[in-house]
Amino acid sequence: MPGTTPQPTSATRTRSWWGWGWADAHPDDAECAAMGALIPGTLAHPLPVPRVRDLAVERPAVEPPASLAHLVATGPEERAAHAMGKAYRDVARALRGRPGRIPDLVARPTDEREVADLLDWAGERQVAVVPYGGGSSVSGGVEYRGDAHRAVLSLDLTAMDRVLEVDAVGRAARIQAGTLGPSLEDQLRPHGLTLRHFPQSFEFSTLGGWLATRAGGHYATGRTHIDDFVQSLRVVTPAGTSASWRLPASGAGPSPDRLFLGSEGALGIITEAWVRLQERPTHKASASLAFTDFHAALEAVRAIAQSDLSPANCRLLDAGEAALSGASHDGSAVLVLGFESADAPVTARLGQAVELARSHGGRRGDVDGAETADTDAAVGAWRSAFLRMPYLRDGLARMGAVAETFETAATWDRIPGLIEAVRTEVGQAALKASGHPATVNCRLTHVYPDGAAPYFTVLAAGRPGDEVAFWDDLKAVASDVLHRHRATITHHHAVGRDHRPGYDRQRPDPFALALRAAKGALDPRGILNPGVLVD
């Protein structure tokens with residue numbers, strides 16, 4: 001319409017080099033200050049948005065060979081944007097002008113042969129190779145730490161971004177690993193199919209990144225992890241290319257795909273995969289229920305998870321998380337339920353889940369108890385907050401606040417004690433370290449018949465200039481609690497470098513021995529993502 005301001009598109013927008021998502025979507029100074037005022041002990045004014053030109057970006061320590069030079073970028077902006085992921089500690093380091101070691105080169109191969117050539121060259125020159133997809137890692141998975149290698153190459157796979165083949169009969173597709181979530185779905189849409197894997201990072205992450213980190217999607221039950229969609233993988237290693245057969249199932253020994261799923265580029269570079277697809281859902285229904293008793297809400301969620309209803313969404317927000325997202329303002333916990341299907345209406349299944357929740361004390365509708373339509377205000381508020389939250393986290397980081405999350409999974413018998421211990425011990429540690437109380441909220445993101453995945457949000461005033469060490473101390477306390485309760489160090493955020501201490505304690509010693517042997521066999525020169533999973 002005349003007078004309407006054109007809205008930016010993904011083709012015209014710029015990714016933030018230091019923070020989450022799009023540069024133009026970050027809170028401005030006034031919004032940062034308003035958020036900071038809600039957390040006692042934060043800065044009076046926001047830290048300035050960091051600029052690449054203020055960094056000490058040294059000249060590359062190596063030059064690529066002429067045969068590969070057309071694939072490689074050496075400019076400061078490109079290199080700085082590939083220096084870190086998007087965890088709180090990455091954002092805090094960038095704000096203080098301390099991003100860590102910046103890669104010497106950024107390469108964008110366009111096919112598998114070029115990936116192999118880059119690995120051959122890097123091995124000969126002792127150049128560390130750090131695979132990079134969308135760069136949305138929140139566990140230190142896409143940065144180099146240390147000085148054991150003469151140079152660092154960030155291997156950006158996003159030029160390998162096509163759906164190569166679709167098998168409509170078998171509902172599967174062969175897709176290149178560098179394909180970002182939105183592009184993947186756009187290419188599948190003409191076929192009426194979907195991968196139906198939507199992590200919070202969907203807009204800024206790739207299929208290869210999901211596979212390499214065993215990413216969890218948005219859906220709370222059923223196929224929760226990308227593992228569940230894999231038919232076969234192609235992986236380029238310094239020892240050769242691994243290509244598993246495309247099969248619906250197999251009992252032929254240990255699965256070759258399982259070796260590389262979750263390997264985070266330490267064993268090889270995933271270049272493409274055959275993945276299982278589904279028809280796009282046409283029937284959807286959702287609702288929310290409020291609970292005054294969080295433990296009763298946990299029992300309601302367990303009852304739903306152990307039924308055969310299989311909700312697409314079954315998120316339980318404690319009172320603090322519900323208030324933070326705008327889903328509740330009266331101290332209630334909120335359960336968000338959603339169902340969808342490509343075949344049949346889902347209102348009956350939603351109704352059964354609602355009745356199960358009601359039998360445990362849940363009240364349907366808005367938090368004042370009024371009955372509403374299936375899609376109510378609480379559902380919409382939660383969905384909006386879910387997508388906006390990473391940007392708000394970065395705004396709080398500019399105020400010197402610690403605003404970060406961590407997640408885990410445990411069996412149902414351990415869930416109540418685990419949640420209480422994390423809230424108490426992380427809160428006490430923050431108060432002791434900063435002199436200010438912290439907020440520790442919890443939500444359940446994924447639920448299973450035998451357990452659940454609690455996801456914690458921590459909001460606290462950091463120590464000015466020492467925010468990273470402060471968060472690392474809190475994370476160490478949380479990791480100790482998880483280990484004590486035999487809860488996993490990560491449910492879907494990967495191990496990276498940040499979770500290595502917890503992962504080393506969690507995995508069995510014989511498995512660690514086998515993993516080190518696999519690393520030595522597949523990457524004998526030790527160039528692939530050094531420091532991830534094994535030394």
Within the 4.5 Å heavy-atom criterion, are [X] and [Y] side-chain neighbours or not?
X      : Y      : value
Leu316 : Val336 : no
His446 : Thr221 : no
Cys314 : Val301 : yes
Pro76  : Leu55  : no
Phe406 : Thr457 : no
His485 : Val481 : yes
Val106 : Leu155 : no
Met35  : Met399 : no

Using modelled atom types only, decide if a donor and an acceptor are shared between the side chain of [X] and the backbone of [Y] within a distance under 3.5 Å.
X      : Y      : answer
Arg500 : Gly531 : yes
Arg79  : Pro103 : yes
Thr490 : Ala494 : yes
Ser332 : Ser328 : no
Gln506 : His483 : no
Arg101 : Asp147 : no
Lys86  : Gly19  : yes
Arg497 : Gly140 : yes
Glu264 : Gly496 : yes
His218 : Ala312 : no

Quick check: closest heavy atoms across [X] and [Y], and the distance to 0.1 Å?
X      : Y      : result
Asn529 : Gly141 : ND2-O, 3.1 Å
Leu356 : Ser307 : CD1-CB, 4.2 Å
Leu298 : Pro416 : CD1-CG, 4.3 Å
Glu185 : Arg280 : OE1-NH2, 2.8 Å
Cys32  : Pro27  : SG-O, 3.8 Å
His360 : Ala296 : O-CB, 3.4 Å

* For the residue pair Thr14 and Trp22, confirm or rule out a side-chain donor-acceptor distance under 3.5 Å. =>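 Side-chain D/A pair, Thr14 to Trp22: absent.
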
* **Side-chain donor-acceptor contact under 3.5 Å, Glu355 with Ser359** =>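 Side-chain D/A pair, Glu355 to Ser359: absent.
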
Interatomic distance, [X] atom [atom1] to [Y] atom [atom2] [nearest 0.5 angstrom]:
X      : Y      : atom1 : atom2 : value
Phe456 : Cys442 : CZ    : SG    : 4.0 Å
Asp318 : Asn441 : CG    : CG    : 5.0 Å
Asp228 : His197 : CG    : NE2   : 9.5 Å
Glu407 : Leu444 : CD    : CG    : 12.5 Å
Leu317 : Phe294 : CG    : CZ    : 9.0 Å
Arg414 : Arg484 : CZ    : CZ    : 12.0 Å

* Asked: Among Leu324, Val440, Val402, Leu38, whose side-chain contact (heavy atoms from CB on, under 4.5 Å) with Leu459 holds?
  ->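 Exactly one candidate clears the test, Leu324.
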
* Which residue, Thr445, Thr408, Thr213, forms the side-chain contact (heavy atoms from CB on, under 4.5 Å) with His492? ->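 Only one of Thr445, Thr408, Thr213 forms a side-chain contact (heavy atoms from CB on, under 4.5 Å) with His492, namely Thr445.
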
* **Chi angles and distances behind the side-chain contact (heavy atoms from CB on, under 4.5 Å) call for Leu533, Val495** => CA-CA 7 Å; Leu533 297 185; Val495 175; 3.9 Å; yes

Any ion pair linking [Y] and [X] (charged N to carboxylate O, less than 4.0 Å)?
X      : Y      : value
Asp227 : Arg258 : yes
Asp473 : Arg463 : yes
Glu404 : Lys475 : no
Asp480 : Arg505 : yes
Glu143 : Arg145 : yes
Asp330 : Arg363 : yes

* To do: Please test Tyr448 against Thr224 for side-chain hydrogen bond (donor to acceptor under 3.5 Å, both in side chains), starting from the C-alpha separation and ending with a verdict.
  => CA-CA 10 Å; Tyr448 306 93; Thr224 58; 2.9 Å; yes

* **Geometric cation-pi criterion, Arg398 with Tyr88: 6.0 Å, 45°** =>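 No, cation not above the ring by the 6.0 Å, 45° rule.
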
* With a distance cut-off below 6.0 Å to the six-membered ring centre and an angular limit of 45° from the axis, does Arg349 pair with Phe339 as a cation-pi contact? ->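 Ring-cation test returns no.
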
* To do: Please report the C-alpha distance between Leu207 and Leu211 in whole Å, then the side-chain angles of each, then the deciding distance to 0.1 Å, and finally whether the side-chain contact (heavy atoms from CB on, under 4.5 Å) criterion is met.
  => CA-CA 6 Å; Leu207 173 63; Leu211 297 166; 3.9 Å; yes

* **salt bridge (Lys or Arg N to Asp or Glu O under 4.0 Å) between Arg89 and Asp472, intermediate numbers included** => CA-CA 8 Å; Arg89 68 188 320 277; Asp472 287 347; 2.8 Å; yes

* **salt bridge (Lys or Arg N to Asp or Glu O under 4.0 Å) evaluation trace for Arg96 with Glu467** => CA-CA 10 Å; Arg96 296 292 183 178; Glu467 294 90 354; 2.6 Å; yes

Heavy-atom count check: over 12 atoms from other residues, nucleotides or ligands less than 6.0 Å from [X] [atom1]?
X      : atom1 : answer
Asp28  : CG    : yes
His45  : NE2   : no
Asp413 : CG    : yes

* Asked: Using the benzene-type ring in the case of Trp, are the ring centres of His499 and His493 under 6.0 Å apart?
  ->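 Distance test on ring centres: not under 6.0 Å, no.
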
* To do: List the steps, then state whether side-chain contact (heavy atoms from CB on, under 4.5 Å) holds for His26 with Trp18.
  => CA-CA 11 Å; His26 280 256; Trp18 64 273; 3.9 Å; yes

* To do: Could you walk me through whether Trp210 and Phe229 pass the side-chain contact (heavy atoms from CB on, under 4.5 Å) test, one step at a time?
  => CA-CA 11 Å; Trp210 302 341; Phe229 298 90; over 6 Å; no

